[in-house]
Amino acid sequence: MKRTPPMVTLRALREAHGLTLEQLADRIVIEGGRTTKASLSNLEVGRRKPSTRLRAAWARALKLQPVDIYQAEDLRALLESHDEPGERSA
């Protein structure tokens with residue numbers, strides 16, 4: 001399975017906030033997301049991609065904007081989907 005390289009790793013974001021996987025999972029649940037410690041681990045290493053809802057709850061749990069936890073490939077696809085027809089992002 002291909003892993004998506006992150007711009008800033010999700011693990012680095014969590015660790016910068018001084019949180020364990022379990023603590024972050026608890027915060028995400030409080031913010032309206034559904035996840036577990038094991039699920040977050042899979043997301044951090046790129047085995048899975050977070051849903052839009054989980055990404056938003058994850059960002060709120062860390063007091064960030066959702067775009068701050070997009071991985072490079074996801075962000076590229078998001079930006080390309082907003083391009084005007086015939087235009088291409090640099």
Side-chain angles (χ1 to χ4, degrees):
M1 170 180 268
K2 180 183 170 193
R3 292 187 178 172
T4 304
M7 295 181 300
V8 174
T9 67
L10 299 173
R11 182 179 189 173
L13 286 172
R14 174 181 55 79
E15 289 176 344
H17 285 81
L19 299 172
T20 65
L21 282 168
E22 188 171 358
Q23 290 167 327
L24 179 57
D26 290 344
R27 283 188 181 194
I28 289 171
V29 169
I30 289 168
E31 293 296 339
R34 292 179 60 188
T35 194
T36 64
K37 177 178 143 181
S39 181
L40 287 181
S41 178
N42 285 326
L43 293 167
E44 284 188 350
V45 298
R47 288 188 200 119
R48 295 186 51 229
K49 291 186 180 185
S51 67
T52 301
R53 183 178 180 157
L54 177 57
R55 187 176 284 131
W58 194 324
R60 286 190 305 271
L62 296 177
K63 300 195 181 347
L64 300 170
Q65 296 297 314
V67 72
D68 294 330
I69 58 173
Y70 271 85
Q71 294 194 341
E73 184 176 287
D74 298 332
L75 186 56
R76 200 169 21 256
L78 178 68
L79 293 173
E80 288 174 0
S81 74
H82 289 359
D83 282 346
E84 292 293 323
E87 288 186 23
R88 182 160 174 92
S89 296

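As the structure is a computational prediction, the values presented were derived from the model and not from experiment.
By the 4.5 Å heavy-atom criterion applied to side chains, Leu10 and Trp58 are counted as neighbours. For the pair Leu62/Leu19, a side-chain contact is recorded, criterion being any heavy-atom separation below 4.5 Å from C-beta on.
Atom CD1 of Ile28 and atom CZ of Arg60 lie 10.0 Å apart (nearest 0.5 Å). Note: Lys37 NZ to Asn42 CG = 12.5 Å, rounded to the nearest 0.5 Å.
Nearest heavy atoms, Ala57 versus Gly33: CB-N, 3.6 Å. Closest heavy-atom contact between Leu43 and Pro50: CD2-N, 3.3 Å. For Val29 against Thr35, the heavy-atom pair with the smallest separation is CG2-O, 4.1 Å.
Every residue two or more places apart in sequence or in another chain was checked for a side-chain hydrogen bond (donor to acceptor under 3.5 Å, both in side chains) with Gln65, and none qualifies.
Between Glu31 and Arg27 there is no salt bridge, since no side-chain nitrogen of the basic residue lies less than 4.0 Å from a carboxylate oxygen of the acidic one.
In the hydrophobic clustering of this structure, Leu64 groups with Leu40; members are Ile, Leu, Val, Met, Phe, Trp, Tyr whose side-chain heavy atoms approach within less than 4.5 Å, directly or through other members.
For Gln23, the CD atom is densely surrounded, since the number of other residues' heavy atoms within 6.0 Å is greater than 12.
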